[in-house]
Each structure stands twice: as C-alpha cells, then as structure tokens.
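Working notes, beginning with the structure itself.
Throughout, numbering of the chain's residues begins at 1 and tracks the sequence.
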Amino acid sequence: MNKRIISVCTLGLMSVYAMAQQKKSDVEQLEEVVVSDSRFELKRENSGKTVIKINKQEIERNQGKTLAELINTKSGIEINGSRSNAGQNLSTYVRGGSNRQVLVIIDGVQVSDASQSASEYDLRMLSLGAIESIEIIKGAASTLYGSGAATAVINITTKKAAAKSVALNINSSIGTNQTHDDQNYNLADFHNDVTLNGNGGKLNYLVSFNQQNTNGMSAAAEQAKEKDPFSKYAVNAKFGYDFCDSFSFGVYGNYTDIASAYDAAAYTDANNWFNSKQYRTGLTSKIKYNGGSVNINGAYSKYDREFISAYPSSFIAENWVVDAYTKNTFNKTLYTILGVNIVDDETDFESAESATKVDPYANVVYVSEFGLNINSGVRWNNHSEYGSHFTYNINPSYVFTFDDNYLKLFGSYSTSFIAPSLSQLFGFYGPNPDLKPEEDRTIEGGAEFKLGQKFRVSALYFNRDEENLIAYDFNQGYYNVSEKSSAQGVEVEVVATPVEVLTISANYAFTERKDVVAIRIPKHKANATVGYTISDKTFASISYQFNGDRLDTDFSTFSNVTLDSFSLVDFYASHQLSKKVKCFAGVYNLLNEEYTELLGYNTRGRNVRLGFSITL
C-alpha cells in the first residue's frame, strides 16, 4: 500500500514537471512593502529588518492547514504541538524563546489571555480561512508594541471586504488524520470557511463562519488508541463606514468556541475534556489630514476556559486595549508616530484581580536619499503593580542600489519587557505580587541582497540577553531569577524566481541557548518549498522540513532525553476548474516519517486532503 502511494505521488510529480511550460505573468510585479517594523508602508529595502510576509496567495495555497502549521515553516520559529493531535497545546519558540516572549496582534490590537499562566494567546483560536495576510518581525519590539514583544510579533490582518457590492467565498476540505502506524485513510478532518462580504460605496461589510472538526487520533501514545476529537467554530463580523475622504470608522466582533478531548499525561489515556471560548469586539477609526492621520483602535476580549477531568478547573479573564496614535510623513523622508497604549487585564482567582499598563511611546523613521535609513523609538511602560519601565530601540540600515537591485546592510540594538501575568502575581499556585518584569536586550546584524524580481537572500546574526526571568519552584512559587541567560543564532532566507513559472523559497536557522537547557527547541532547522505554475490554471509544489535533535523531559523520571531529528515532505497541487471554482489536493508527510514531537504523544503520519473553493 505504502509503495503504491509513493509511486503514484512520484509519477504525479514527474508529470507536473513534464507538462510544465513557461508563460508570461499577466500580473505586474509590485515592489514589496512591509509595515510591522515601523507601522508605515515602506519599501522592503528601506526596512532595517528581514520581515517575514505571508500574503493572501500563500495562505490560499495552504488551505486546510492550521495557522500554527503555516507559521511553523518560517525561519527561527518552532511551534511545538502543531504536528500532533489537533487539540494539542501549542508552544511557540522563536529564537530559543518561549510563549510569553511572542506577541500576537490582530487588526492592530494586542491580544492575550490574562487567565493563561504567562498571558499568552492561543493560536488555535484563529482560523487560517479568516486571515488576509500575516507579517512576522523577530527580535525585541516592545517600543512599538509593548509587553511580550521580546522574540517576535505576529501581526495578523483578517480578511477585508471585496470591492464589489456582494461577494461570497466558500472554502471546504476533507482529509485523513492518522498516525504513522494507523494508515487506514478514513476521512476524519473537515474544514469549512464561508465569507459574505462587499462594498456599497461608503459602507463595507464582512461576515464569516469558520469550522473545523477533527477525529481519528489519540493524543497520548498509548495502546488503547482511543480517539481524542477536536472541534472549533468561529463567527466574525466587520462593518466599516467612510463618512468622508478624511474620516473612516469600523466595528468588529468575533466569537470562537473550541472543544477537545485530551489525555491525562504522556502514554496515559483519559476521558478528559477541554472547552475554551473567546469573545472579542472592537472599533477602528482614522482621521486623515494633510501629511498624517489620527488613529484610534480599541478592543474588549473575554476568555472562558474549562477543564473537565479528575482535577476540574475553570478560568475567566477579560481585557480592554486602547491604542491611540498619530502618524505623520514629512517629504517622504521622515515618518513619525506618537501614541499611548492602554491595556487593562482582569481575571478571577479567589477574588477578582486586575493590572493596568499605560504606555506612551514614540517612533521615528528616517529614509534618506543617499541610502541611510534609521528606525528608532522609545516607550515608557507604567504598570499598576511594579511601577515604571523604559524601553528603546535603534535600527540603522544602509542600502546600496544599482538598477533594480540592492544590497542592504542592517543592525539593531533593541530592548523589550514581559510584564508578569495576573496568575504569576495573584494566582492559585505560588503567586508573588513583588515580581518585576522580565527584560530582554537583542543585538542583530546582517545583510540582504536582492536581484530584481528573481532573487533575494538575507542572512543575520542575533544575540539576546535575558534578565529577571520569571521562574517557578514548587516550594518558592514564582520568582525573578537573578542570573542572566542568553541566546544566539544565525538565520538565512532565500527566495528565487529563476523563471516566471518557478518559485523557490528556503530558510535555515541555527539557535543556541546559553546558561539554560533548551527543551523542545531544535538547534538546527531548515525549510524549503519549490512551486511550479504548470499553466494559467494549474499549480504544484513540494515542501521539505528538517528538524534537528531536541531535548524533552521524561516526567516519569524527571530527566531529559534526546529526541531524534526528522524530515518531512509535503506535496500540494491546485487546479482552476473555472473562473469561480478551484480544487486542490495535498499529501502531507509524504514518506510517512515516524518521529516524536512531544515525548509520549502521537504525531501525524502520512495524510491526504482534498478540497475546493468557490468565489461568487
């Protein structure tokens, strides 16, 4: 059976390349712009960072995957749990950091669950089918984005309304969900996204429904192999109104419900259940004037989590976020932001506890006519519990341009902070109201070379120092670690289009932790994707991922063990049946690699998926 499947896939790939022929693109290549490192739309060559951009096309070519699976293919990022059972907890390690050092932004507003032990945001809450684009900046970014932006900011833009008055988009896929040992090819994974949107002149609107239902795998690697199902549905609504050319206003709302079975521990089956609900509503407004704008974004979020097991528990938290700022541009040379960011978190323990952050901040970008660019900013964090804290960054770069090509040299010195969570300050298990914020300092230096629209390569070195890390001890509870720790690494990214129909992207990351043991973080990780446009209607790609050896903890002996390296190969193909209908197919872990992602838990073996999208 396995040999036949591999043979069919191999023949399919050979057919793809045999049928391939060059064609001229009907779409003009546009200059890439980045936003997240400055909040201005600047040409990539004028940015002092190697910003990762995931556009609408890449999202469409990963339909049926989760957000975590897609992000996990980017340099310097390891999202542990994304290859396991659908309900598995996710741990986001960027440049050797942890969940609490990664900040998630949705439509310009920070999101975080104050009931979580480190106030992290659960990426399982987001459906890839509801997302328009993603930008990821790595390194310290607290001056622009506040607490938690220490190793990365994941800046997510949800889908926007179509230009026509009424548009309907339907995406649906079905697939298997099976381990390496259980290759039965039963359909057990269903994803559906429906979006109704449009633009009626001054009014624009979008309403969407996203659903996932997954079964077929046990979370724990145990003999009984009892299935642990996972389900998610989300409803989103956005409405915007342009009162005039200079004033626009929008409101939005979201409700997401996740339910999942989970097991007791590694290798240990149990009939436990987890339910998590998210309620979000917010507003956006912009007043434009000559050379600038006043922007106000605000949101209210509520999180409700319940665990049904031998040790039942429940958590409820809410937060308010307001980000008000002015943006000004002077002669396309000087770009400034002046703003204030307010975050109020509250959750229930034995009584309701809350903490408030009020952060004024400023950022300036200078883009010279002779190649020098400087991005610099400051933030004054004021916390209701521990007082005040100052962060800053300086990010110069220099660009040598020749024709349509450039060579960019860049460096940065940035600081960041992670405020202690409400659980760490006031929670049930060893709280410490005297905790100080964690402090990070990141130095980065590198180069990026771009050869027209055909080739781009970047390489950088980073070094991060961490102080006042918040740790936990069963006897002491939460405390600030007095010793410093550090991480360093190298990241390389390549994007090439040698001919118009062929795209190649690859990345490699070397990550090394000093002074602490790196659990579940590979020292070496690489990704590569080759895509071929066979015709105007047909596209195919093959992807490869390598994860080096990692350490994990065996909690039965409280000792660390080494997990072997592994390699994964995925295949994807899509075909435009008509102007309005497209179908696709994917084979994931094509070679049915057997590996361990988390000690004592199952991982997915070879799986297949079929799907379609309709645009009306």
Side-chain angles (χ1 to χ4, degrees), residues 30 33-36 38-42 55-56 105-111 130-135 144-146 155-169 194-209 234-255 279-302 319-332 334-344 358-365 615-616:
L30 300 177
V33 297
V34 295
V35 177
S36 296
S38 67
R39 293 200 188 178
F40 286 94
E41 292 187 353
L42 299 178
N55 59 24
K56 182 178 180 180
I105 307 282
I106 302 178
D107 291 332
V109 176
Q110 305 108 304
V111 288
I131 296 173
E132 181 85 11
S133 63
I134 306 165
E135 282 192 356
L144 268 180
Y145 295 107
N155 192 355
I156 295 169
T157 301
T158 58
K159 281 188 173 180
K160 298 179 180 179
K164 59 183 182 180
S165 58
V166 180
L168 178 65
N169 306 99
V194 180
T195 304
L196 179 67
N197 61 103
N199 200 311
K202 293 186 175 182
L203 175 68
N204 60 80
Y205 66 93
L206 182 147
V207 179
S208 69
F209 174 77
V235 180
N236 303 278
K238 298 170 67 174
F239 299 92
Y241 194 83
D242 298 326
F243 289 90
C244 58
D245 291 340
S246 59
F247 178 50
S248 60
F249 182 84
V251 295
Y252 60 85
N254 162 268
Y255 173 75
Y279 311 80
R280 294 186 68 243
T281 184
L283 61 85
T284 62
S285 63
K286 178 185 287 188
I287 301 174
K288 298 179 182 178
Y289 53 84
N290 187 27
S293 63
V294 176
N295 305 264
I296 300 176
N297 296 327
Y300 166 79
S301 302
K302 182 179 179 180
N319 65 7
W320 294 86
V321 180
V322 176
D323 193 22
Y325 56 95
T326 63
K327 298 174 64 174
N328 291 278
T329 303
F330 302 94
N331 298 322
K332 295 183 179 180
L334 194 64
Y335 303 80
T336 66
I337 286 183
L338 183 65
V340 61
N341 184 214
I342 302 171
V343 179
D344 183 80
V358 180
D359 298 6
Y361 63 94
N363 202 77
V364 178
V365 177
T615 303
L616 302 174

Check whether any side-chain heavy atom of [X] lies under 4.5 Å from a side-chain heavy atom of [Y], and answer yes or no.
{"X": "Thr284", "Y": "Asn295", "answer": "no"}
{"X": "Trp320", "Y": "Ile342", "answer": "no"}
{"X": "Ser248", "Y": "Asp242", "answer": "yes"}
{"X": "Asn363", "Y": "Val365", "answer": "yes"}
{"X": "Val111", "Y": "Arg280", "answer": "yes"}
{"X": "Val194", "Y": "Val207", "answer": "no"}

Quiz item: Would you call the rings of Tyr241 and Phe243 parallel, tilted or perpendicular if under 30° counts as parallel and over 60° as perpendicular?
Solution: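 Plane angle over 60°, so perpendicular.
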Practice problem: Determine the minimum heavy-atom distance between Tyr205 and Ser165, stating which atoms define it. | Solution: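 Shortest heavy-atom contact: OH-O, 2.8 Å.
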Self-check item: Minimum heavy-atom distance between Thr157 and Asp107, given as atom pair plus value
Solution: CA-OD1, 3.5 Å
Quiz item: Between Asn199 and Gly201, is there a donor-acceptor pair closer than 3.5 Å when you use the side chain of the first and the backbone of the second?
Solution: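 Checked: pair present.
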Quiz prompt | Asn341 (side chain) donor-acceptor with Val322 (main chain) under 3.5 angstrom | solution =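 Answer holds: yes.
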Quiz item: Are a donor atom and an acceptor atom from the side chains of Thr158 and Lys238 found within less than 3.5 Å of each other?
Solution: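 Yes, side-chain donor-acceptor contact under 3.5 Å.
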Quiz item: Are Asn169 and Asn197 linked by a side-chain donor-acceptor pair shorter than 3.5 Å?
Solution: yes
Practice problem: Check salt bridge (charged side-chain N to carboxylate O under 4.0 Å, His left out) between Arg39 and all other residues, then give those that pass, not counting sequence neighbours. | Solution: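 Counting only residues at least two positions away or on another chain, Arg39 forms a salt bridge (charged side-chain N to carboxylate O under 4.0 Å, His left out) with Asp323.
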